[in-house]
Amino acid sequence: MSAERIWLTRPQTDEAEIDEIREVLASGTLTQGPKVVQLESMVAGLVGTRHAFATTSATTALHLTLAALGIGPGDEVLVPDFTFPATANVVAQQRATPVLVDIELERFGLDAADLDARVTSRTKAIIPVHAFGLAADMDPILEVAARHELVVIEDAACALGATYGGREAGTFGTAGCFSFHPRKSITTGEGGMITTSDDALADRIRLLRSHGGVREENRFTFEAAGFNYRMSDILAAVGVAQMRKLPAFLEARRRVAGWYAAALADVASVRLPTVPAGSEHTYQSYVVLLDEDLDRDQTIRRLRDDQIETTLGTYALHVQPYFSRSYGYRPGDRPRSRRAFDSSLALPLYGAMTEGDVARVADRLQAALAVA
Ligand SMILES: *Cc1c(COP(=O)(O)O)cnc(C)c1O
């Protein structure tokens, strides 16, 4: 008898999303329209910024923000080495240079000392990542930014609903960029959002999001070579239904994380996520760090044989061919990121998981580690 499969993640949707979509289809406004405005005001309200701009993804949100800030050739942007490549790709797309910074292993966030050491006269911005939904240690990062007069753009792709020092992720930088990919806090299938309280930046984002056009009566005047990074109202409708459920989603994810913490507390070879005082985790992913001598990939394969889907935490960029080839990085140049890339393991986590599911994952994980 084979056990039922436990997936890494399962997005949660029901009739509420379908009702919202039906309303949009009936209205005939399918491009950016009233549902986008509604979703933007819900996110701005939650995060606590003056503006929010829906985009087609977090990647386009980050790219649009860099373009709106005028970051371009000759500029350097400090990016954590341990992240999804989009964080650094957008810098390269602007013909600026992503400078990879090592992380600390407590939060998997930017290491402030390494950050400070990599600032040069060309550095313009820092993109801290709130890895897996836990805010990076922002106080020392903001101190480095202030001392060198650098712009901060938060990659908050995983962090809608995360807090640090009692404040929402997405309010620490000049802008924050969120993702609505199915693995994130809420989903629109694909989608993203920029939050900012900077009025001048907001004007520039508004212009560049939609072809660089300014509307005047019955036509546009084109002021810049803009993008089309607008979200469709059909997808925004899904986001509106999802935003209403966000508090329940986060509560469920935190409950599952609590079960993991209890079930794995005595497993010495596995370091569990810890949440520093004053922070709230979204648990976009529940990422543990295995002891260095354990074979993480073998563990993933063994769990797969047990019908449990897991994956690596995220990527060390300096060992990816594009970054090593373009910027001359060599394996191990960012040692803590490399260690996290080799030994991190994302366990299944979604709101519909039961305590029994968590017990089964914990049991099979221990069995897999015993032979890894
Ligand atoms: C998911 C993710 C992205 C990309 O988000 P998309 O909406 O898929 O473009 C960027 N950065 C981080 C840290 C992410 O986890």
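Whatever order the structure lists them in is the order used to number ligands and atoms, beginning at 1.
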Which of the numbered atoms in ligand 1 are under 4.0 angstrom from any heavy atom belonging to [X]?
X: Val129; value: 13 (C)
X: Thr83; value: 13 (C)
X: Thr87; value: 11 (N)
X: Gly191; value: 7 (O)

Which residue owns the protein heavy atom closest to [atom], what's the atom, and how far is it?
atom: atom 7 (O) of ligand 1; result: Ser179 OG, 2.6 Å
atom: atom 4 (C) of ligand 1; result: Thr59 OG1, 3.7 Å
atom: atom 13 (C) of ligand 1; result: Asp155 OD2, 3.4 Å

> Could you go step by step and tell me if Thr221 and Glu216 meet the side-chain hydrogen bond (donor to acceptor under 3.5 Å, both in side chains) rule?
Replying inline: CA-CA 7 Å; Thr221 308; Glu216 283 166 7; 3.0 Å; yes
Are [X] and [Y], when compared by the centres of their aromatic rings, separated by less than 6.0 Å?
X: Phe172; Y: Tyr164; answer: yes
X: Phe82; Y: Phe108; answer: yes
X: Phe227; Y: His63; answer: yes

> Relative to atom 15 (O) of ligand 1, which among Gln284, His181, Arg183, Lys184 owns the nearest non-hydrogen atom?
Replying inline: Lys184
> Does atom CZ of Arg244 have more than 12 heavy-atom neighbours, drawn from other residues, nucleotides or ligands, at distances under 6.0 Å?
Replying inline: yes
> Roughly how far, to the nearest 0.5 Å, is NE2 of His211 from CG of Asn228?
Replying inline: 4.0 Å
> CD1/Ile194 to OG1/Thr60 distance, rounded to the nearest 0.5 angstrom?
Replying inline: 7.5 Å
>> Contact between ligand 1 and Cys158 is defined here as a heavy atom of the residue under 4.0 Å from a ligand atom; is it met?
In response: yes
>> Tell me the closest heavy-atom pair linking Pro140 and Asp137, and the distance in Å.
In response: CD-O, 3.4 Å
> Between Thr60 and ligand 1, which part of the residue brings a heavy atom under 4.0 Å of the ligand: side chain, backbone, both or neither?
Replying inline: neither
> Side chain or backbone of Ala157 under 4.0 Å from ligand 1, or both, or neither, by non-hydrogen atoms?
Replying inline: side chain
